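These values consider heavy atoms only, across backbone and side chains, with no hydrogens, waters or symmetry-generated copies. Just so we're clear, the structure is a prediction, and the values are computed from it rather than from any experiment.
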Amino acid sequence: MRKGIAVSPGVAVGVAYCVHEIFVNPDTKRLEDGEVTAELARYETARDQAGEDLRSMRKKVEAQVGQEEAAIFRVHETILRDSAFTKKVRGWIVNDRLTAPASLHELSREYTKLFERTKDEYLRERLNDVRDVILRISTHLTEVLKPGFTSLEGPVVVVVDELLPSQVVALGQLDVKGIVTQRGSQTSHAAIIARSRGIPAISGVRGILRQVKTGDTLILDGRAGHVIINGDPEQVSAYRKLEREFFHLKDQLAENRDQPAMTADGVQLQLLANVNNLADAKSAEAMGAQGVGLYRTEYLYLAHPDVPDEEEQLEDYYQIIDASPEHQVTIRTLDIGGDKTIPYLGHTHQEANPFLGWRSIRLSFEHPEFFITQIRAILRSSARSAGVAGQVRLMCPMITTLEEMRRVRSMVRRAQRLLDAEGKEYGNVPIGMMLEVPAAAVSIDSMLEVVDFVSIGSNDLIQYLMAADRDNPKVSHLCQPLSPPVLKVLANVIQTCNEAKKPVTLCGEMAGMPSAFVLLLGMGLRSFSMSPAFIPSIKDLASHLTLNQAQLVLKQAMSLRTHGHIRRYVRKRIAEIAPNLVLLDTT
């Protein structure tokens with residue numbers, strides 16, 4: 001049995017699907033003599049198509065962002081045209097009779113060994129450029145990294161080092177039953193994707209890819225963070241029973257989708273959904289959400305072949321708005337940086353600590369025309385819901401100072417003037433901030449002067465407050481949502497917003513955790529945005545809970561001094577109030 005971090009609750013028994021670096025299933029087939037010429041032609045075609053992709057992206061980024069940002073694609077074109085690069089691939093096809101995908105796999109391994117020997121950080125970074133080019137050629141070869149490509153039939157448990165946002169697209173059409181990662185935490189992207197799909201997930205299982213091969217049977221216990229590899233028949237039978245019970249519980253809870261969201265004593269709540277794409281928005285409707293409290297627009301950029309222009313963004317926002325419950329959507333502007341990167345923004349700007357550096361709104365300010373394009377698209381999307389105030393809201397991430405919010409408002413006014421001059425319709429869009437920087441939390445009273453609403457991004461707020469990278473296994477244990485300092489900061493922010501009568505929502509993963517929900521409710525929070533899959537369970541918990549109970553639990557919890565004591569106490573109370581929901585708590 002292997003132990004990791006429980007990041008998405010539930011139990012799954014399934015077949016392992018191991019994703020090693022950029023190649024999912026390297027082809028082991030050897031070519032016949034008569035197949036070599038055709039395979040060379042297939043590689044040349046894929047290389048030419050990759051070249052066309054790069055040229056197209058370079059021109060589009062030059063036009064919409066700038067020449068400096070487009071320079072990375074010139075580098076990739078140079079790599080693609082490199083004679084040594086092509087000579088090696090052709091050699092493996094002709095001399096070793098490897099297929100084109102297998103030859104690219106060999107090339108990737110060779111360059112990895114070569115670059116990893118050097119201590120020069122610049123040269124090590126160039127390995128990523130080579131990998132990007134290999135990946136781009138590979139996507140034009142039918143066997144490699146096509147969405148849904150796997151030789152396995154039926155649902156799978158994905159085993160991967162770290163599930164990056166850009167990889168989510170390639171896994172989008174797979175029937176994924178569970179996710180196990182070697183790295184990551186409760187707020188990593190693997191965790192967020194798993195929770196949005198309502199599937200079990202475990203992160204931080206070091207070395208799991210060395211112990212598991214594709215086709216093995218895996219048992220995941222997303223409650224305790226346990227992974228069992230090729231368990232005996234008794235274990236498989238016992239966990240399949242638990243798996244059925246988990247699905248039965250989810251089905252039972254999903255029946256409350258049309259029930260009002262309120263506490264047992266009638267306090268009205270707003271349960272919203274965090275979404276990444278159209279499928280998530282539809283899921284939010286199916287799970288009984290009352291709207292979308294966070295639309296992460298970065299996934300549109302990550303999934304796009306180059307850079308989405310204003311009309312493409314507008315169409316995407318229309319689709320999300322039309323599919324969302326009550327057509328209510330809070331659209332967050334681009335939150336790129338840290339663990340989410342796109343090649344034409346910030347690629348050449350290497351930082352020792354990207355999470356505390358040039359990212360999110362700071363990056364958007366650096367590219368004002370690029371930012372204005374997104375603001376214009378959001379403003380125009382709100383015209384579809386004209387006459388219903390506040391159905392579309394604009395939110396900016398990682399706001400730190402009052403000056404930044406004033407600058408945002410100035411840019412919104414500029415975008416409005418441009419749209420007026422062009423005669424294009426737009427609606428009245430409330431402008432808010434995502435509160436995730438401790439400095440903004442400390443000065444929340446003054447920040448409220450320049451925002452229409454506040455959304456608390458607890459995922460980043462916790463790691464910044466605790467000075468601990470949530471994805472670093474050495475310190476991620478410090479990033480606990482129920483730790484006393486986190487609860488004190490949240491209580492102050494919520495109280496200040498309520499006293500100022502400014503709408504406040506929490507849209508981090510805390511919102512969907514039963515233990516955290518009880519405490520937040522006691523603090524005075526009434527709007528919660530979470531992964532769609534967790535809305536039924538939180539609605540059920542609320543229906544068994546009175547406001548007075550939540551306040552009493554909060555009062556006792558705030559008197560305790562450690563995360564462990566708080567966690568045990570709150571879980572005990574939830575077991576008394578709604579015992580079936582303890583299975584769904586990963587705090």
Side-chain angles (χ1 to χ4, degrees), residues 5-12 176 178-179 185-203 222-223 246-263 269-277 279-296 324-325 330 455-459 481-482 505-521 525-545 550 570-571 574 577-587:
I5 303 167
V7 298
S8 185
V11 175
V176 179
I179 299 174
S185 66
Q186 282 197 333
T187 51
S188 64
H189 290 285
I192 291 170
I193 294 302
R195 283 194 284 263
S196 72
R197 293 191 182 191
I199 58 177
I202 301 169
S203 289
R223 308 162 303 164
F246 175 68
F247 279 113
H248 179 63
L249 172 60
K250 288 206 303 181
D251 289 343
Q252 275 186 319
L253 293 173
E255 293 175 3
N256 70 15
R257 68 176 304 279
D258 296 321
Q259 305 276 331
M262 64 173 63
T263 62
L269 304 175
Q270 187 178 44
L271 301 185
L272 307 170
N274 301 335
V275 306
N276 304 328
N277 50 41
D280 287 349
K282 292 177 179 178
S283 177
E285 175 76 30
M287 291 293 105
Q290 294 156 273
V292 168
L294 170 63
Y295 172 42
R296 302 181 177 104
S324 296
T330 297
S455 287
I456 302 170
S458 60
N459 297 353
L482 302 188
T505 300
L506 189 140
C507 58
E509 296 306 312
M510 279 184 76
M513 298 174 177
S515 294
F517 170 79
V518 174
L519 299 179
L520 292 166
L521 179 65
L525 191 67
R526 299 293 178 265
S527 180
F528 306 79
S529 191
M530 65 200 74
S531 296
F534 286 88
I535 289 170
S537 60
I538 295 300
K539 187 184 290 186
D540 185 75
L541 174 58
S543 71
H544 290 87
L545 181 70
V570 179
R571 277 196 162 195
I574 289 176
I577 297 166
N580 61 330
L581 296 182
V582 174
L583 291 172
L584 301 176
D585 201 345
T586 58
T587 52

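Judged by distance alone, with hydrogens and angles left aside, the side-chain atoms of S324 form no donor-acceptor pair with the main-chain N or O of A281 at under 3.5 Å. Judged by distance alone, the side chain of R296 and the main-chain N or O of N276 form no donor-acceptor pair under 3.5 Å. Between the side chain of D280 and the backbone N or O of N274 there is no donor-acceptor pair closer than 3.5 Å.
Here the CG-CZ distance, from L521 to R526, works out to 5.0 Å after rounding to the nearest 0.5 Å. Rounding to the nearest 0.5 Å gives a distance of 11.0 Å between CD1 of I179 and CD1 of I202. To the nearest 0.5 Å, the span separating CG on L520 from CE on M513 amounts to 10.5 Å.
By the 4.5 Å heavy-atom criterion applied to side chains, M530 and M510 are not counted as neighbours. Counting heavy atoms from C-beta on, the side chains of V518 and L541 come closer than 4.5 Å. Within the 4.5 Å cutoff, no side-chain heavy atoms of L269 are placed close to those of M262. A 4.5 Å side-chain heavy-atom check between D540 and S537 finds every atom pair outside the cut-off. For the pair F528/I538, no side-chain contact is recorded, criterion being any heavy-atom separation below 4.5 Å from C-beta on. Between Q290 and P325 the shortest side-chain heavy-atom distance does not fall below 4.5 Å.
Residue A286 comes nearest to R257 through the heavy atom pair O-NE, 2.9 Å, listed as atom of the first residue, atom of the second, then distance. Looking at every heavy atom in both residues, A273 comes nearest to P532 through CB-CG, 4.1 Å. Across every non-hydrogen atom of S515 and L482, the tightest pair is CB-CD1, 3.9 Å. Residues I577 and L545 approach most closely at CD1-CD1, 3.6 Å, considering heavy atoms. Residues F517 and A542 share a closest heavy-atom pair of CZ-CB, 3.9 Å. Smallest separation of non-hydrogen atoms from P9 and F534: CD-CZ, 3.6 Å.
With sequence neighbours excluded, no residue forms a side chain to side chain contact (heavy atoms under 4.5 Å, CB included) with A533. Evaluation of the side-chain hydrogen bond (donor to acceptor under 3.5 Å, both in side chains) rule for S531 yields no partner, not counting sequence neighbours. For Q259, the side chain to side chain contact (heavy atoms under 4.5 Å, CB included) criterion is met by N256, K539, not counting sequence neighbours. Annotation: side chain to side chain contact (heavy atoms under 4.5 Å, CB included) contacts of T330 (sequence neighbours excluded): R393, M395, F453. Scanning for side-chain hydrogen bond (donor to acceptor under 3.5 Å, both in side chains) contacts around T263 gives D265, with sequence neighbours left out. Partners of Q270 according to the side-chain hydrogen bond (donor to acceptor under 3.5 Å, both in side chains) rule, which considers only residues two or more places apart in sequence or in another chain, are S527.
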